[in-house]
Amino acid sequence: MNLLEEKLSKYDAPQQIQAAGLYPYFRVIESDQDTEVVINGQKVLMFGSNAYLGLTNHPKVKEAAIAATKKYGTGMAGSRFLNGTLDIHLELEKKLANFVGKDDAIIYSTGFQVNLGVVSCLTGREDYILWDEYDHASIIEGHRLSFSQKLKFRHNDMESLEKQLKKCEPDKVKLIVVDGVFSMEGDIANLPEIVRLARQYGANIMVDEAHGLGVLGRQGRGATDSFGLLPEVDLIMGTFSKSLASIGGFIAGSDPVINYLRHNSRSYIFSASNTPAATAAASAAFDIMVSEPERIEHLWKLTHYALERFRAMGCEIGHTSTPIIPIYIRDNEKTFWVTTELFNQGIFLNPVVSPAVADADTLIRFSLMATHTFEQLDFALGKIEKTLRKAGVLNVEPAK
Ligand SMILES: Cc1ncc(COP(=O)(O)O)c(C=O)c1O
């Protein structure tokens with residue numbers, strides 16, 4: 001064994017979970033991505049997807065991807081900057097910028113690359129990036145690459161944000177970056193207060209709408225729009241990998257900011273551009289999101305029902321008010337056990353364990369899609385309640 005292998009062979013946490021028969025990762029799906037998937041030849045109900053509008057299998061979305069592949073080919077063989085810009089990239093950028101009421105937008109190949117390439121690039125050494133401790137990993141990677149001073153504030157805690165703003169020099173740029181909907185917890189950023197503080201301290205705001213797009217706001221414009229605050233937020237980020245049933249992401253903002261990113265953002269310039277199929281699929285999904293509001297309405301009917309049922313069964317679900325519902329287990333091993341037990345009963349859920357969160361904060365992430373039926377939801381909730389009761393994590397006795 002060489003030195004590298006020797007060092008890394010000490011990392012055996014996954015093997016230990018595998019040995020216990022509780023390994024819940026890299027489960028191989030053999031079917032299309034829908035509310036029901038096939039794994040190991042068995043049908044499993046999917047409550048771990050981010051396709052909130054359930055469009056990954058929509059005929060129009062698939063047809064758009066196929067037509068774009070036929071017309072433009074399978075890959076872009078270069079970056080947007082040089083040989084990788086198509087007319088459909090520009091059309092989608094225009095649609096997205098208009099949708100969120102900004103001058104302009106640019107598309108990256110993944111949402112992760114958006115945050116990485118935007119947050120790392122906008123502010124200088126003398127400036128500040130203020131970030132919520134529960135921000136997505138891609139935002140954290142972005143500010144790690146920045147030379148700016150980074151100031152973390154406690155999750156959705158506006159006193160903590162203000163304390164950090166007070167530390168900043170008034171004449172330097174201060175960029176506040178938050179998830180609109182927090183990806184694991186499902187709670188919504190306190191944007192009215194963030195906007196008020198940003199005004200008071202002369203800060204700028206970037207909101208990651210990965211989980212707000214297609215879920216909240218007018219026609220799915222996102223968490224920011226649900227508060228009527230799109231004009232107050234400088235930068236709106238979104239991904240195509242969730243409601244828009246594809247892969248890719250965008251950032252929308254004012255002309256000077258987008259112009260700067262277009263010519264300086266390294267994950268945009270030094271990475272091949274979004275494939276024709278992914279771009280066309282996202283564009284078709286966007287059109288369906290805008291023209292079929294009944295999808296979002298159904299998603300919310302399911303969400304309100306599920307939130308009520310989880311609370312009634314005595315399940316700890318934190319501050320969520322969205323289709324992302326964290327089931328707090330607060331114990332690593334139990335979290336794996338509940339996930340595996342439910343998987344064996346035909347329910348797919350995602351465990352969130354340490355080191356992603358502290359052992360005392362482990363949870364199982366339950367998420368809804370507009371294509372779920374109430375029958376599927378009832379079936380899952382029944383199994384979940386029984387299993388959580390067996391695990392001893394419910395604090396309400398069963399109804400007689
Ligand atoms: C809040 C948030 N931002 C950004 C991303 C990255 O998006 P993508 O999967 O499109 O790379 C994710 C995805 O997990 C996310 O949850």
Side-chain angles (χ1 to χ4, degrees), residues 25-26 33 48-53 55-56 61 89 92-93 96 100 105-120 129 131-145 155-156 175-189 191 194 205-217 220 222-224 226 233 235-252 265-268 271-275 277-279 281-283 285-286 289 320 322-326 350-352 356-357 363 365-369:
Y25 304 119
F26 302 102
Q33 272 278 0
S49 171
N50 295 301
Y52 301 114
L53 296 180
L55 293 175
T56 48
V61 178
H89 290 132
L92 182 53
E93 286 173 345
L96 291 164
V100 294
I106 48 174
I107 294 174
Y108 293 61
S109 306
T110 69
F112 197 102
Q113 280 184 235
V114 179
N115 283 335
L116 194 73
V118 173
V119 178
S120 60
I129 298 171
W131 60 285
D132 185 297
E133 63 180 335
Y134 285 9
D135 276 351
H136 189 259
S138 51
I139 295 175
I140 295 170
E141 291 310 309
H143 72 61
R144 276 186 181 158
L145 291 178
H155 177 51
N156 235 353
L175 181 65
I176 303 170
V177 189
V178 291
D179 288 14
V181 175
F182 287 87
S183 54
M184 295 298 141
E185 297 75 17
D187 55 337
I188 300 172
L191 290 168
I194 291 172
I205 306 171
M206 169 173 165
V207 177
D208 174 335
E209 292 283 9
H211 301 275
L213 193 73
V215 175
L216 289 161
T224 310
S226 73
V233 168
L235 285 156
I236 296 290
M237 176 272 179
T239 82
F240 304 159
S241 60
K242 307 186 194 301
S243 288
L244 297 188
S246 181
I247 181 121
F250 72 93
I251 188 83
S265 179
R266 292 168 74 82
S267 60
Y268 178 74
S271 185
S273 64
N274 218 347
T275 64
T279 309
S283 190
F286 175 91
M289 172 179 83
T320 180
T322 67
I324 301 170
I325 304 180
N350 288 313
V352 182
V357 292
L363 59 95
R365 183 181 185 273
F366 176 96
S367 52
L368 289 159
M369 286 185 258

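Values below: all heavy atoms of this structure, side chains included; hydrogens, waters and symmetry mates excluded. Read the numbers this way: they start at 1 and go in the same order the structure lists the ligands and their atoms.
With a 4.0 Å cut-off on non-hydrogen atoms, N115 touches ligand 1 through its side chain and not its backbone.
Centroid-to-centroid, the aromatic rings of F182 and H155 come within less than 6.0 Å.
Between F240 and F250, the ring planes are parallel. Angles under 30° get that label, and only those over 60° would be called perpendicular.
Of the possible polar contacts, none joining the S283 side chain to the T279 backbone as a donor-acceptor pair under 3.5 Å is found.
Of all atoms in ligand 1, listed by their number and element, those nearer than 4.0 Å to a heavy atom of A210 are 1 (C), 2 (C), 3 (N), 15 (C). Remark: ligand 1 atoms within the under-4.0 Å shell around heavy atoms of H211 are 1 (C), 15 (C), 16 (O). Which parts of ligand 1 touch D179 is read off a 4.0 Å heavy-atom cut-off, strictly below it: atoms 1 (C). For ligand 1, the atoms closer than 4.0 angstrom to any heavy atom of S241 are 8 (P), 9 (O), 10 (O).
When the heavy atoms of T239, I247, V114 are ranked by distance to atom 7 (O) of ligand 1, first place goes to T239. Between the choices Y108, Y134, F112, F240, the shortest heavy-atom distance to atom 11 (O) of ligand 1 belongs to F112.
At a cut-off of 3.5 Å, with distance as the only test, no side-chain donor of S109 or Y268 sits close to an acceptor on the other residue.
Not a single heavy atom of G249 sits less than 4.0 Å from an atom of ligand 1.
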